[in-house]
Structures are given as C-alpha cells and as structure tokens.
Visitor: 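What follows is a structure written as structure tokens; I'll ask about it next.
Lettering of chains follows the sequences in order, A, B, ..., and the numbering in each one begins at 1.
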Protein chains: 2
Amino acid sequence: MDEVKWLSNDEQVAWRAWLAVNAQLTARMNRDLQAKNGLSLADYDVLVNLTDVPDRSLRMFELGDKLQWEKSRLSRQVMRMAARGLVERRECLDDRRGAFVDLTPAGLEAIRAAAPEHVKLIRQVMFDAFTPDEVATLTKLYHGVLERLEVKPVEAAADGSAA
Amino acid sequence: MDEVKWLSNDEQVAWRAWLAVNAQLTARMNRDLQAKNGLSLADYDVLVNLTDVPDRSLRMFELGDKLQWEKSRLSRQVMRMAARGLVERRECLDDRRGAFVDLTPAGLEAIRAAAPEHVKLIRQVMFDAFTPDEVATLTKLYHGVLERLEVKPVEAAADGSAA
DNA sequence: CGAAAACAGTTGATGCAGAAACTAGACTCT
DNA sequence: AGAGTCTAGTTTCTGCATCAACTGTTTTCG
C-alpha cells in the first residue's frame with residue numbers, strides 16, 4: 001500500500017544538480033549584488049516589480065502577489081527599503097487599510113545601475129549557453145512545475161529590460 | 001563598449017519561471033517537512049549526506065564540501081541537530097582541530113520517516129511529469145551552469161534512496 | 001441595519017544565514 | 001627546531017524570514 005517509488009539514478013542526479021544550481025546561483029546573485037550595488041536579491045526583486053509596472057507604484061498586496069512573499073516579509077522589506085530611500089510608502093485613500101509602495105528616483109537609479117551586471121551574470125551562466133529549444137523546454141517544464149505547485153505562471157515585462 | 005544585452009522575451013519568461021519554481025518549491029519542501037516531520041530542509045540535507053556515506057559519519061569539512069555551506073552555518077546547524085539528538089559530534093584523534101559528525105539512530109529514523117513523503121512531492125511536481133529525455137536535458141543544462149559557476153557537479157548515492 | 005467574516009497590513013518572538021574575527025592545531029621550509 | 005602559513009572549526013554580530021497574534025477596515029448577508 002505505501003510502497004515508495006524512489007528516484008531513479010538519473011532522476012537523482014538531475015535532482016541534486018537542481019538543488020545545487022538553485023543554492024549556488026542564488027548565493028552568487030546575492031553576493032554580487034551586495035558587493036557591487038549594495039542591494040540584496042530581495043531588494044532587487046522588489047525594484048524589478050515596481051519598475052515593471054506603468055506608474056511604478058503598487059499596492060502592498062499586489063506586490064506581495066507578484067513576489068509570492070509572506071506579507072510580514074514584504075512589510076519589513078518595504079520598511080527597510082523606505083528607510084534607505086529606494087521606495088516610498090503612500091497611504092491609500094480609497095481603502096484606508098491599504099498602502100501604496102512607490103518607486104523613488106533613487107530606487108530607479110539603483111536598479112538601473114545594478115541590472116546590467118546582474119543580467120550579464122545570468123547570461124553567462126545560463127542563457128548564453130542554451131539553445132532556443134532548450135529555453136523553450138525549460139520554460140515548459142518550469143510552468144508545469146508551477147501548475148503542480150498550484151502557483152500561477154509569471155509574465156514577462158513589456159520591454160525585456162529588467163530581467 | 002558597455003552595451004547591455006538584455007534577455008529576450010522568451011529568456012525572460014524562462015528566467016522568471018525558474019525564479020518562481022525555485023522559491024515556491026523550496027518553501028513548499030520546507031513547510032511540508034516541518035509540518036509532517038519536524039525537520040527543516042537544512043536538517044534533511046544534512047541527514048541525506050550522512051546517510052549517503054558508508055559509515056554514516058563525516059568530518060565537518062567534508063560535510064561542508066558536500067553541502068557547499070558556509071562553515072559557520074554548518075557549525076550551528078550541527079550544534080542544533082546534536083542538541084535534538086539527530087547527530088552526534090565526535091572528536092577526531094588524528095587531527096585534534098577536527099570533529100566528526102555521526103548520524104544517530106534517531107537521525108536515521110527521522111530521515112527514514114521523512115523521505116517517502118518528500119520524494120513523493122518531488123515526483124509529483126517534477127519527475128512524474130518529465131520524460132527521460134527531459135530529465136537528461138535538465139541534467140546536462142544544470143551541470144553546465146554549475147561548471148560556469150565553478151562548482152563541481154554532484155554525484156548520486158549508490159542506492160537512489162534518499163532523494 | 002448590524003453581527004460575523006474576510007481583508008490589508010503591522011508587530012513581536014524566535015530561529016536561521018552570512019561575513020569577519022578569532023582559537024587552536026598542523027604543515028612547510030630552510 | 002621554529003617562524004610563517006594554512007587549515008578546521010567556533011563565535012560574534014547583524015540582518016533577514018517565518019509564524020502567530022494583533023489592529024483597524026471593508027464586505028457580506030440574514
């Protein structure tokens with residue numbers, strides 16, 4: 001009844017490679033961003049999501065949906081970023097529970113400064129070595145995983161700017 | 001001179017999907033392990049690496065190499081796990097700076113209890129939906145990424161047991 | 001209307017992760 | 001031998017992530 005179907009050897013190799021890429025690449029992005037631009041990956045992700053959007057402003061919960069973060073995490077993250085001047089909080093008049101987060105000029109400058117190096121790294125370790133077919137396969141597989149995790153797939157920005 | 005080569009739209013979609021899978025799957029594994037077995041993913045990873053090895057014992061630095069963790073992180077992790085009885089620390093007679101980490105019976109029991117559900121999740125969201133070709137492609141691509149990150153690819157355990 | 005439920009966001013407690021400084025034992029090389 | 005260097009591991013400090021509890025607001029619906 002509860003026979004376990006273990007991973008085949010090939011699957012296990014793939015799985016461990018996945019875990020390793022996952023951990024190493026995340027760590028690397030964090031280190032590079034921190035060293036070169038004084039941003040954490042979390043900072044970067046917030047900035048990207050604000051830059052993506054026409055008026056560079058989002059309700060907290062919208063940002064939270066995009067990032068799929070715990071709301072407490074977002075709350076603290078925004079607080080810290082506001083203290084550093086990267087974003088600004090603005091109260092919402094329609095719904096007095098709510099709050100907007102606006103990208104500041106300093107925040108825009110910060111991501112404009114950070115993005116090129118960041119994209120370069122991603123290209124270097126991933127996309128420059130992948131064929132279009134491989135990219136398509138990856139996308140298909142990832143989206144499948146997201147569906148099975150019951151998370152909605154993510155869209156791209158209108159201009160492919162911010163990675 | 002410093003023209004930035006942004007990501008194409010397809011690449012960007014793939015990239016964001018990767019980020020999402022990465023974050024969501026890690027979070028999910030953590031939650032499930034914590035809820036069902038009282039283990040963090042970090043606990044699990046340590047246990048897997050000890051289970052993999054013939055005598056279920058490793059030097060700290062060997063474990064650190066396998067996990068690719070900061071040594072301070074490993075030090076604390078092992079301390080916490082030892083306090084909970086999942087592993088035991090043992091001093092090294094050959095090299096008096098050194099320390100062994102031994103898997104305890106309780107640790108073995110913990111991973112035996114946790115592994116089936118954990119593997120089931122991984123199968124559910126990934127491998128059961130992948131063809132062998134796709135698994136092979138993933139492995140190839142990930143190993144490529146690891147090389148470009150200058151990290152050595154990882155091996156599988158002898159018995160495909162512990163995912 | 002008005003009570004109950006749902007929602008938006010913050011706060012407090014706790015545990016974890018990373019960088020750098022530190023301790024102490026082992027190597028190297030003349 | 002012994003000065004300098006390297007290696008193994010711990011500790012300190014700081015910042016981040018999660019969970020649960022909480023405040024205040026809006027919605028629902030009988």
Visitor: If you fit an axis to the five pairs at each end of the helix from C/dC1-D/dG30 to C/dT30-D/dA1, how big is the angle between those two axes, to 10 degrees?
Guide: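 Roughly 30° between the end axes, to the nearest 10°.
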
Visitor: Where each residue is assigned the nucleotide of DNA chain D containing its nearest heavy atom, which of A/Ala42 and B/Phe61 is assigned the position nearer the 5′ end?
Guide: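 So the residue in question is B/Phe61.
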
Visitor: Are any of the side-chain heavy atoms of B/Asp43 and B/Arg84 separated by less than 4.5 Å?
Guide: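 With C-beta onward as the side chain, the pair touches.
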
Visitor: Do B/Tyr44 and B/Leu108 share a hydrophobic cluster, counting only Ile, Leu, Val, Met, Phe, Trp and Tyr and linking them when any side-chain heavy atoms are less than 4.5 Å apart?
Guide: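 Yes, one cluster joins them.
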
Visitor: Quick one: are A/Met126 and B/Trp15 in side-chain contact, heavy atoms under 4.5 Å?
Guide: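 Counting from C-beta outward, A/Met126 and B/Trp15 do come under 4.5 Å.
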
Visitor: With a 3.5 Å cut-off and no angle check, do the side chains of B/Gln34 and B/Arg31 form a donor-acceptor pair?
Guide: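 B/Gln34 vs B/Arg31: no donor-acceptor pair found between side chains.
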
Visitor: Could you check if a side-chain atom of B/Lys36 sits within less than 4.5 angstrom of a side-chain atom of B/His118, using non-hydrogen atoms only?
Guide: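 No - every pair of side-chain heavy atoms lies 4.5 Å or more apart.
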
Visitor: When the side chains of residues 95-105 of chain A are checked against the rest of the protein, which donor-acceptor pairs come out under 3.5 Å, sequence neighbours left out?
Guide:
residue, atom, partner, partner atom, Å
A/Asp95, OD1, A/Arg97, N, 3.0
A/Asp95, OD1, A/Arg97, NE, 3.0
A/Asp95, OD2, A/Arg97, NE, 3.4
A/Asp95, OD2, A/Arg97, NH2, 2.7
A/Asp102, OD1, A/Ser57, OG, 2.7
A/Asp102, OD1, A/Arg90, NH2, 3.2
A/Asp102, OD2, A/Arg90, NE, 2.7
A/Thr104, OG1, A/Gly85, O, 2.6
A/Thr104, OG1, A/Leu86, O, 3.0
A/Thr104, OG1, A/Ala106, N, 3.4
A/Thr104, OG1, A/Gly107, N, 3.0

Visitor: Whole-Å distance between D/dG15 P and A/Leu41 CG?
Guide: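 The distance from CG of A/Leu41 to P of D/dG15 comes to 18 Å, rounded to the nearest Å.
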
Visitor: Going 5' to 3' through nucleotides 23-29 of chain D, assign each nucleotide B (protein heavy atom under 4.0 Å from a base atom), S (under 4.0 Å only from sugar-phosphate atoms) or - (no protein heavy atom that close).
Guide: -BBS---

Visitor: Would you check if A/Met60 and A/Leu63 make a side-chain contact, meaning some heavy-atom pair closer than 4.5 Å?
Guide: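 Counting from C-beta outward, A/Met60 and A/Leu63 never come under 4.5 Å.
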
Visitor: Report yes if some heavy atom in the side chain of B/Leu33 is under 4.5 Å from a heavy atom in the side chain of B/Ser40; otherwise report no.
Guide: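 No, side chains not in contact.
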
Visitor: How close or far is atom C1' of D/dC16 from atom CD of A/Glu70, stated in whole angstroms?
Guide: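 Checked: the CD to C1' distance equals 13 Å.
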
Visitor: Is there a side-chain contact between A/Leu141 and A/Val145 (heavy atoms, below 4.5 Å)?
Guide: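 SC-SC contact between A/Leu141 and A/Val145 ruled out.
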
Visitor: What range of DNA chain C does chain A touch, first nucleotide to last, counting atoms under 4.0 Å from its heavy atoms?
Guide: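 Answer, 5' to 3': C/dC7 to C/dA19.
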
Visitor: Can you hop from A/Leu39 to A/Met79 via hydrophobic side chains spaced under 4.5 Å?
Guide: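 No, it is not one cluster - the side chains of A/Leu39 and A/Met79 are not joined through contacts under 4.5 Å.
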
Visitor: CG/A/Leu138 to CZ/A/Phe127 distance, rounded to the nearest 0.5 angstrom?
Guide: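 It is 7.5 Å, given to the nearest 0.5 Å.
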
Visitor: So how far is it from A/Ile122 CD1 to B/Leu19 CG, rounded to the nearest 0.5 Å?
Guide: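 Those atoms lie 7.0 Å apart.
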
Visitor: Going by an N to O cut-off under 4.0 Å, is there a salt bridge joining A/Lys66 and A/Asp52?
Guide: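 Not counted as a salt bridge, because no side-chain N and carboxylate O are separated by less than 4.0 Å.
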
Visitor: Quick check on contacts: within residues 72-88 of chain A, what sits under 4.0 Å from DNA chain C by heavy-atom distance?
Guide: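 Only A/Ser72, A/Ser75, A/Arg76 qualify.
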
Visitor: Out of A/Gln12, A/Glu11, A/Lys5, which one pairs with A/Ser8 under the side-chain contact (heavy atoms from CB on, under 4.5 Å) rule?
Guide: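 When A/Gln12, A/Glu11, A/Lys5 are each tested with A/Ser8, the side-chain contact (heavy atoms from CB on, under 4.5 Å) holds only for A/Glu11.
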
Visitor: In this structure, how many angstroms lie between the P atom of D/dA17 and the CG atom of A/Leu67, rounded?
Guide: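 Rounding to the nearest Å, CG of A/Leu67 and P of D/dA17 are 11 Å apart.
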
Visitor: Please report the distance, rounded to the nearest Å, between NZ in A/Lys71 and P in D/dC22.
Guide: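 Result: 14 Å.
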
Visitor: Rounded to the nearest Å, what distance is computed from the CZ atom of residue B/Arg28 to the P atom of nucleotide D/dT18?
Guide: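 To the nearest whole Å, that distance equals 15 Å.
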
Visitor: Can you sort out which residues in residues 30-39 of chain A have a heavy atom within less than 4.0 Å of DNA chain D? Ascending by number, please.
Guide: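 Per residue number, the list is empty: none.
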
Visitor: I want to check something: taking the side chain as every heavy atom from C-beta on, are B/Val21 and A/Trp18 in contact at a cut-off of under 4.5 Å?
Guide: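 A side-chain contact exists here, since the closest heavy-atom pair is under 4.5 Å.
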
Visitor: Hey, are A/Arg148 and B/Asp128 close enough for a salt bridge, meaning a charged N less than 4.0 Å from a carboxylate O?
Guide: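 No, A/Arg148 and B/Asp128 are not salt-bridged.
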
